[in-house]
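Report on the following structure.
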Amino acid sequence: MNRYDFKAIDKKWQDKWEEVEAFKALTDYSLPKYYTLIEFPYPSGQSLHVGHPRPYTAMDIVSRKKRMQGYNVLFPMGWDAFGLPTENYAIKKKIHPSVATKNNVETYKSQLKSFGLSLDWSREVNTCDPDYYKWTQWIFIQLFKYGLAYKKEMSVNWCTSCKCVLANEEVIDGECERCGSEVVQRYKSQWMLKITAYAQKLLDGLENLDFIERVKTQTINWIGRSEGAECDFSIKDSDKKLRIFTTRPDTLWGATYMVIAPEHPIINELKGNIINFDEIDSYRDAAAKKSDFERSELVKDKTGVEIKGVKAVNPVNNEEIPIFISDYVLISYGTGAIMAVPGHDTRDYEFAKKFDLPIIEVVKGGDISKEAFTDTETGIMVNSGFLNGLEVADAKKKITQFLEDNNLGVGTIKYKLRDWVFARQRYWGEPVPIIICPDCGFVAIDESELPLVLPNVESYELTDTGESPLSRITDWVNVKCPKCGGDAKRETDTMPGWAGSSWYFLRYCDSNNPDYLATKEALDYWMPVDWYNGGMEHTTLHLLYSRFWALFLHDIGVVSCPEPYLKRTSHGMILGEDGKKISKSRPEFIVNPDDMINEYGADSFRLCEMFIGDFEKSTPWSTNGMKGCKRFLDKVCGLTEIAKGKGATSELENKFHKTIKKVTSDIDEMKFNTAIAAMMTLLNDIYDHGSLTVDELRTFVTILCPFAPHISEEIWSMYGGTKLLSLTEWPAYDESKTIDAMVNIAVQVNGKLRGVIEIPVDSAQDFALNAAKSDEKVKVFIEDKSIVKEIYVPNKLVNIVVK
RNA sequence: GCCGGAGUGGCGGAAUAGGUAGACGCCCGGGACUUAAAAUCCCGUGAGAUUAAUUUCUCGUACCGGUUCGAUUCCGGUCUCCGGCACCA
């Protein structure tokens, strides 16, 4: 066999694996287990492009190797099917979202199967399946019962023309994506999940997890824990107080003005005292049109209005200071009000310069005539009453104690993390299983009534009241209150797409169980997930949301392990061949995997996906790269023509041991590209050598199997493999055979390479130096010079410093 | 703007507890085979000088500076690109 005849081979082995259920995770819970997880796809209107298979193939390689190493592997797949894009697609194409989803799932599934992934399809889940979302709703009810789901007034994007709520994504430059009309902020009561109650746990849990560093740091920054103090400023000629949060209570003496968010309720409370209320009100209107993001983006040009007729009083020195409203202060963080210390905060400094407000130095160490001094490590307090002379850290403790002792404030911890808005005014999502009773308030439906099935309606288009399309189905909406039996209504908002994906890894443990989310036994065995790979873009939302749910389900006794994922890695994106992100707006750069597989075969495609670059970095797609991978596989097939002799090993033995070692460790470290390069190098060495033994060929296809399983199975079967190669043992290597007797080391003179010498491995320093100095090329550079220093790094280099 | 990453030949990338920069592959050029082409095989391939030579030298890992015998790797600063910014999932 001198060619990879993929048309004959690929389907043959895919059918074989399916026939014998080769990749079915076993329910024998005495076996050592390994749970590999990839983010399940969102089956949108577009078919898969060449970017999707990269993480799938990577984790398939990991799963296949673990299986060969004797683990009972769970490598499942499913569909994250609810959500806005499918609904919009359905409205546009005039197909029901459930039909659109069904079609897309079919397409995706056949594509995934053509890649030869070793998935256990018997555990497939679909978040829009009532048997699945029954448990999504059940979890919501538990969150509600434990006080972690509550309703709150929230601002939403409102299109003035479409008369509907828009997702942030649908707002482009303050205009509606569909009609281009103005978008304003409106208030609506929304279901929220109290993820902030888990902020500290989400932070603490990270510590012992094997998450890649950038995921950890981004999560930590997103949660944004900061220690500080809340402190009351009284309002002159009023009994009202303005409570602020600051991380720098030590700088209280430097507060020269205050700033409150435009939405702050105290504005209306003080209406009678405010002289320029009209001006304030129009600023509020303008701010209402901007999102938080737009507000902080315009940070360079700070805007604001002084609230005239009202002064605040600094509690530590009784100074009267002005109050401004400005949109750089967000109502959603802290208390929605700050004391401004322009000498020691960059944003306050800019604002003070613009509005010509006094800047007082209270921490020595910088030059506040030029910029704010924000260092908290080195400063000494000045102009600060009893704090003078203290270091910042000590001053913080002392002032916090002072505030508490005098009932002026309290030391506190705040998080940037905000609660999770858990409602959408949309059709295509899980109905929220709550009944709103005029007498009893919010009442969860009885768990025996789950799933609360999403009504199958003709019209799921948006309403012009801003309510969910479900609100139109009166016979579904109108119900009796489960508590008092009186007339009541169902909640008509649905859950966001994040809901189903927040616990799917639990369902995989026991996907088909009608009575439980999953049995305790299955959860105890499979959880936690051993290795979860996914996109960086999911770090701050999905990853955090799902950890929150898992921690909660642990707290109420559903799962035994607190943290759901032991290890988290992240792949880089595949870009278009033009080096830019693949996007439906540039269809000429979308490459369909089907075309690649038809032309080069599944194994070439898998190999190319993994060889194209560092798995963790994004990289442009290259159809040319497919050719190189196909050539490699053709040459692997060609080995069958030069394989001779049984049992005996050849001079290639050490090279085999080295390659096994490298491929084994590279897979564990996600360095798939160098693992493939190592196998290519070995292949070149075999051809240079001219032949290999049959056993060596069997070893070669065994380590190639996770990467190119079809061709490996085929060759394996040619050489008497009775059971599937995919279920055969991963080869061991002999460490002593991975080390060469001789080693080439570099010889530098004054740090410049002047020669290379071959010496025995682990040579002594004297030996190496003598060998280096007697090298003809090196001699020229050290003759007639005095040697100042000699450096020897064993097995690496010699550096001779001369004068 | 804020948070997190990245920048190495014509291209994708390799090599970092600081130690021979460019593994492996693509493209390209030359040759073999062929009536011819494709496929395949062999050779070459960072840039610039230099040599009879496949010789020798210099430069070179986004940019500027620093530490070091030695920096792609560490430190300080700058630029550019990518991901996220909470109702896309």
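Not measured: the values here are computed from a predicted model. First the proteins, then the strands, lettered A, B, ... as listed; each starts at 1.
Among the nucleotides B:A86, B:C41, B:A14, the one closest to any side-chain atom of A:K635 is B:C41. Side-chain proximity of A:N624 to the nucleotides B:G13, B:C26, B:A89 is greatest for B:C26. Side-chain proximity of A:E169 to B:G4, B:C27, B:C88: nearest is B:C88. For A:T217, counting side-chain heavy atoms from C-beta on, the closest listed nucleotide (B:U20, B:G5, B:A89) is B:G5.
For B:G19, the base has a donor-acceptor partner in the side chain of A:Q748 [N/O atoms by modelled type, under 3.5 angstrom]. If you check distances only, the side chain of A:N799 does reach the base of B:C69 with a donor-acceptor pair under 3.5 Å.
Pairing of B:A39, defined by two Watson-Crick or G-U wobble distances under 3.5 Å, is not identified with any nucleotide. Nucleotide B:U20 forms no Watson-Crick or G-U wobble pair with any nucleotide shown, as no partner meets the under 3.5 Å limit on both distances. Applying the Watson-Crick and G-U wobble criteria (two distances, each under 3.5 Å), B:A49 pairs with B:U56.
In this model, no donor atom of one side chain and acceptor atom of the other lie less than 3.5 Å apart for A:T303 and A:Y328.
Contacts of A:N684 with the nucleic acid, taken as non-hydrogen atoms under 4.0 Å apart, involve only primed sugar atoms and P, OP1 or OP2. Within 4.0 Å (heavy atoms only), A:H538 reaches at least one base atom of the nucleic acid.
Rounded to an integer number of Å, the gap from CZ of A:R178 to P of B:C88 is 13 Å.
Of the C1' atoms belonging to B:C69 and B:C64, the separation is 24 Å, rounded to the nearest Å.
Heavy-atom contacts from other residues, nucleotides or ligands closer than 6.0 Å to NZ of A:K655 number 12 or fewer.
When each of A:P496 and A:K789 is assigned the nucleotide of RNA chain B with its nearest heavy atom, A:K789 is the one assigned upstream, toward the 5' end. Judged by closest nucleotide on RNA chain B, A:V215 is the one of A:I612 and A:V215 placed further toward the 5' end.
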